[in-house]
Amino acid sequence: MNKELSKTYTPQAFEDKWYSYWLEQKFFHADSGSEKEPYTIVIPPPNVTGVLHMGHMLNNTIQDILVRRARMQGKNACWVPGTDHASIATEAKVVQMLRERGIKKSDLSRDEFLSYAWEWKEKYGGIILDQLKKLGASCDWDRTRFTLEPSLSEAVIDVFIDLHKKGLIYRGLRMVNWDPQGKTAVSDEEVIHKEVNSKLYYIKYFLADDTGQFITIATTRPETILADVAICVNPNDERFKHLVGKKALVPFIKREIPVIADEYVDMEFGTGCLKVTPAHDVNDYALGQKYKLPVIDILTEEGFLNEHAEDTRYIGKDRFAVRKQIAIDLEEAGHILKVEEYKNQIGTSERTGAVIEPRLSLQWWVDMKKFMERNPQVLDAVMNDEIQFHPAKMKNTYRHWIENIKDWCISRQLWWGQRIPAWYDNEGNLVAVAKTARQAIEIANGQGLKAKGQKPEDLHQDEDVLDTWFSSWLWPISVFDGFKDKDNADIKYFYPTQDLVTAPEILFFWVARMIMAGYEFRGEKPFSNVYYTGIVRDKQRRKMSKSLGNSPDPLDLIEKFGADGVRMGMLICSPAGNDILFDESMVEQGRNFANKIWNAYRLINGWEVKPDSAFNDDILKANAISIDWFKGRFNAILIETEDKFKDYRLSEALMSIYKLIWDDYCAWYLEMIKPVYGEPIDESTYKQTVIFFEELMKVLHPFMPFITEEIWQNMAERKQGESICIEKYPEIKLVSDLPTPDLSRVFESIQQIRNLRNAKGLSPKESFEIFIKANSENLYKPYMFLIQKLANVSAITFVKEKVEHAILLPVDIDEIYVVLNLQMDAGAEKEKITKEIEYLDGFLKSVDAKLGNEKFMANAKPELVEKERQKQADALQKILALKGSLGSL
RNA sequence: GGAGGCAUAGCUCAGCUGGUUCAGAGCAUCUGCCUUACAAGCAGAGGGUCCGCGGUUCGAACCCGUGUGCCUCCA
């Protein structure tokens, strides 16, 4: 004790030190053998390519708060960290690395490429986990997992085989969202729709009968005319009835295409004539199927035109270049009727940003309809709150998605990921789905299907890998090896987990699918609560992004304001589900709070302590009152925060604690017991004050782990292996067990007197005398010392009548009179009082009206009526006092 | 085009099953203070037709309808 402490809070001096200590002591490690109640969170695994951004900061701070609190409440807290292999993102990074080294991916074999990828992963992957340590994240690092590590990959493969066996996975030729940059299919959820300004071209198609008649179609994608196989009109459209059944010619290539009729065509849109391009549009594909039209795919996987485009001017060129060129060429050839500005929606790839191309291809799918039929709990559990969403309004979004669920495309044309365990013969026929070629043959033979005497070496495995989310959806189970060994001790103990904290935008990608996996593979929900964080935006509500450069580097912020300051600042204003508009001033507030705490500690630390016997009884008694009062406050806030935590209102819980520390403890309590400068403090008060401080640090620890540990460690001699992070969280006491002095009138008096000083420009150093006319003197008498000390009052006299020539300070229904040796501005004073009387008159009128209203008296609860009567009486008394004071001016 | 959400002080948000003359917090703002823990501070103050309109009710920020504006998700 009594160490020299720096005048300001300097987090850099101790944050790293305590984090290393926590790790050394293995406070964050949890074993399944424990008798304690488990509390489990699995981290939303960040991309292995990721670097810490503000979204992670918010998300992981919230998880850390929940975990640390649970740990202090005596639970066996386990927060499992890890990373996601992020197939598209990582593969892109590796390709880029190879390019820098002058290596082309196409020159490498699959195995060569993968060895480079692993090399990249070992070297650069997972930086983000180290960054989380800076934030104070109390993860069980011994349990760090990676979605592509061998055992998790094995789980993925087993699940694929299992679902295939159950008939829930199939392979089919379908229209997919094709990412020409990533050269892979992506799922619907990975497509981001954007509105863009484009042009609507009106193009003439001449009829094949050489009559010079033409049909005009409108399209935003003129390059796709080369893939046209029909023109479609609405059968009810009188304008075009005569054309149906005739043939038209595709400009330039002069392919003959039929004019057909289908109600799908919107007569209002464009010209009412639709060009049908089954290979490059989802709806056109459906039309093509219906009328058995050919499919002409004119694009390569990179989005270049191929030989099917027929016109050599365009073959081998990029789709966007062709769009420009063909528009010019059509114009020159007289095929363009007009061009309009047009706003439309285009799909872009979430990962690469490339414009998505609808493309027909053979992919693997999960049959979601069937899946949901098997697992109705996936929807029910959320709707009946067995799995609670915070905020609950996310339930609607969830239901809507589930009810309109579509099949999940799970194959990706990449190398970095789990390779699909499907085997084909030399003609490309699927032999079987199995772990190995040998097993595939065994299965095939067993079914008597492809029993052509093939050998394993005759088969080849599917070239594609699985969607990354196909491994993430197993995360809550796979991190505890629940697939390898269904009944191992860890999974039995830690699963289902308690809370999941995640961003709302991955509700469908991840949360919903984890719930599906939970019920399908374990017959149990994966977690009980889902906390949706908001999105971190800048002050102009723009999403923080690298390209905008509007995102501060979290590590710089931590360096500047301390991890605690950043955590506190981010959380104080971010209710669940609300976006947070980040501004550095938020973090400043956090830092200021830490500084406040630091200085409160310095104050206490500097006190000289003497035994109680050295003090007179009055001081001891007075301090005892202050102590009792704070005990009551502390307990009340503890109850309040408990409730808020139950509802996952973390920012409100923090706000309560913030005010408890700043207002109740620092501004009131410490000022109440603070000895005169240079004087000592009595031992029992000191001890109690330190205990309060310790308890406050515990309550705050989940939010601000570092400063609370630093102070807690300083407060007493602590042994190795002790830490606030494993201390017992303060428990709520029965309110009836606590003596709670009612200081409300006293506090109000003090504030009124301070206010008077401010208004009259009196220095706080100048003391004066006051007179109190109270309805119940007991609310003041025992606490007079507080008024004297905190409002610098020299003497207090209780009176029965009003005091002449004095200023009246109303305190609830009591009156305080102050006689000042100042020239009083009687006019101003009168005006003020008159206004007050006017207000009270109005108030009284409304209360009278209520009490005089028969229907109110008949319908309102008796307590309410009683309350109104009390208000009436109080108002009357106040008016009387004010009128009296007005008369004596 | 479909679904959902939101609208309360300058900003970010509370306001539980309607009941303190139309209401709260933090931050920001303003005023006065360098009062020996803290100017990253202390003491005060000001600030709101609770989005518009209509309805239900003795009584509406809260319930119902309608209009407007914003956001999110899906196609």
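In what follows, chains are A, B, ... by sequence order, proteins preceding strands, each numbered from 1.
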Could you identify the nucleotide paired to [N], looking across every strand shown and requiring Watson-Crick or G-U wobble geometry with both distances under 3.5 Å?
N	answer
B:rA7	B:rU68
B:rC58	B:rG19
B:rC73	B:rG2
B:rU12	B:rA25
B:rU35	none
B:rC30	B:rG44

Take the protein atom [atom1] of [X] and the nucleotide atom [atom2] of [N], then report the distance between them rounded to whole Å.
X	N	atom1	atom2	answer
A:E640	B:rG26	CD	C1'	14 Å
A:L603	B:rC38	CG	P	9 Å
A:K845	B:rU20	NZ	P	20 Å
A:N758	B:rG46	CG	C1'	13 Å
A:D579	B:rC11	CG	C1'	15 Å
A:D564	B:rA40	CG	C1'	15 Å
A:E868	B:rG19	CD	C1'	7 Å
A:Y9	B:rG41	OH	P	14 Å

Using OP1 and OP2 only, check whether a side-chain N or O of [X] sits under 4.0 Å from [N].
X	N	result
A:W662	B:rC42	yes
A:N755	B:rA45	yes
A:K596	B:rC42	yes
A:Y677	B:rA37	no

Of all the choices, [options], which nucleotide is nearest to the side chain of [X] once you look at every atom?
X	options	answer
A:K659	B:rA25, B:rA45, B:rA37	B:rA25
A:F843	B:rG41, B:rA45, B:rU20	B:rU20
A:D663	B:rA3, B:rG26, B:rA37	B:rG26
A:N595	B:rA40, B:rA37, B:rU20	B:rA40
A:R602	B:rC38, B:rU35, B:rG19	B:rC38
A:N592	B:rG44, B:rU35, B:rA40	B:rA40
A:R754	B:rA43, B:rC13, B:rA3	B:rA43
A:C666	B:rC27, B:rC58, B:rA37	B:rA37
A:M655	B:rA25, B:rA39, B:rU35	B:rA25

Item to complete: Would you verify whether the NZ or CZ of A:R633 falls within 45 degrees of the ring axis of A:W668 while also being under 6.0 Å from that six-membered ring's centre?
Response: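 Checked: cation-pi criterion not met.
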Would you mind classifying the nucleic acid contact of [X] as base, sugar-phosphate or nothing, using non-hydrogen atoms under 4.0 angstrom?
X	result
A:K393	sugar-phosphate
A:N578	sugar-phosphate
A:Y658	sugar-phosphate
A:L581	sugar-phosphate
A:K406	sugar-phosphate
A:E505	nothing
A:R757	nothing

Worksheet item: Applying the side-chain contact (heavy atoms from CB on, under 4.5 Å) test to A:H280, which of A:T277, A:V282, A:D284 qualifies?
Response: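 Answer to the side-chain contact (heavy atoms from CB on, under 4.5 Å) test with A:H280 among A:T277, A:V282, A:D284: A:T277.
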Worksheet item: Where each residue is assigned the nucleotide of RNA chain B containing its nearest heavy atom, which of A:K850 and A:L670 is assigned the position nearer the 5′ end?
Response: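 Per heavy-atom nearest nucleotide, the more 5' residue is A:K850.
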Worksheet item: Of A:K867 and A:R399, whose closest RNA chain B nucleotide lies nearer the 5' terminus?
Response: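 With A:R399 and A:K867 compared, the 5'-side residue is A:R399.
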Worksheet entry | Salt-bridge contact A:D407-A:R174 (side-chain N to carboxylate O under 4.0 Å) |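 A:R174 and A:D407: salt-bridged.
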Item to complete: Before accepting this row, confirm whether a basic side-chain N of the pair A:R745/A:E748 lies closer than 4.0 Å to the acidic partner's carboxylate O.
Response: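 No.
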Between [M] and [N], how far apart are the [atom1] atoms? Round to whole Å, please.
N	M	atom1	answer
B:rA40	B:rG59	C1'	48 Å
B:rA39	B:rA25	C1'	24 Å
B:rG26	B:rA45	P	12 Å
B:rG5	B:rC64	P	11 Å
B:rA61	B:rG2	C1'	31 Å
B:rA14	B:rA7	C1'	15 Å
B:rC34	B:rC71	C1'	47 Å
B:rU20	B:rA60	C1'	15 Å

Worksheet item: Going by atom types alone, do A:Y601 and A:N714 pair a side-chain donor with an acceptor below 3.5 Å?
Response: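 A:Y601 vs A:N714: no donor-acceptor pair found between side chains.
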Discussion item. With hydrogens left out and only the distance checked, is there a donor-acceptor pair under 3.5 Å joining A:E671's side chain and the base of B:rA37?
Written reply: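 A donor-acceptor contact between them is present.
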Discussion item. Please check this pair: side chain of A:T10 against backbone of A:Q12, looking for a donor-acceptor N/O pair closer than 3.5 Å.
Written reply: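 No; judged by distance alone, with no hydrogens or angles, the pair does not exist.
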Item to complete: State whether the side chain of A:N755 and the backbone N or O of A:Q751 hold a donor-acceptor pair below 3.5 Å, judged by distance alone.
Response: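 Not a single qualifying donor-acceptor pair exists.
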Worksheet item: Only one of A:F389, A:W510, A:Y398 forms a ring pair (Phe, Tyr, Trp, His ring centres under 6.0 Å) with A:Y532, so which one is it?
Response: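 Of the listed options, the one satisfying the test is A:F389.
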Worksheet entry | Closest non-hydrogen atom pair, A:I681 against A:P675 |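 Between these two residues, the closest heavy atoms are CB-CG, 4.0 Å.
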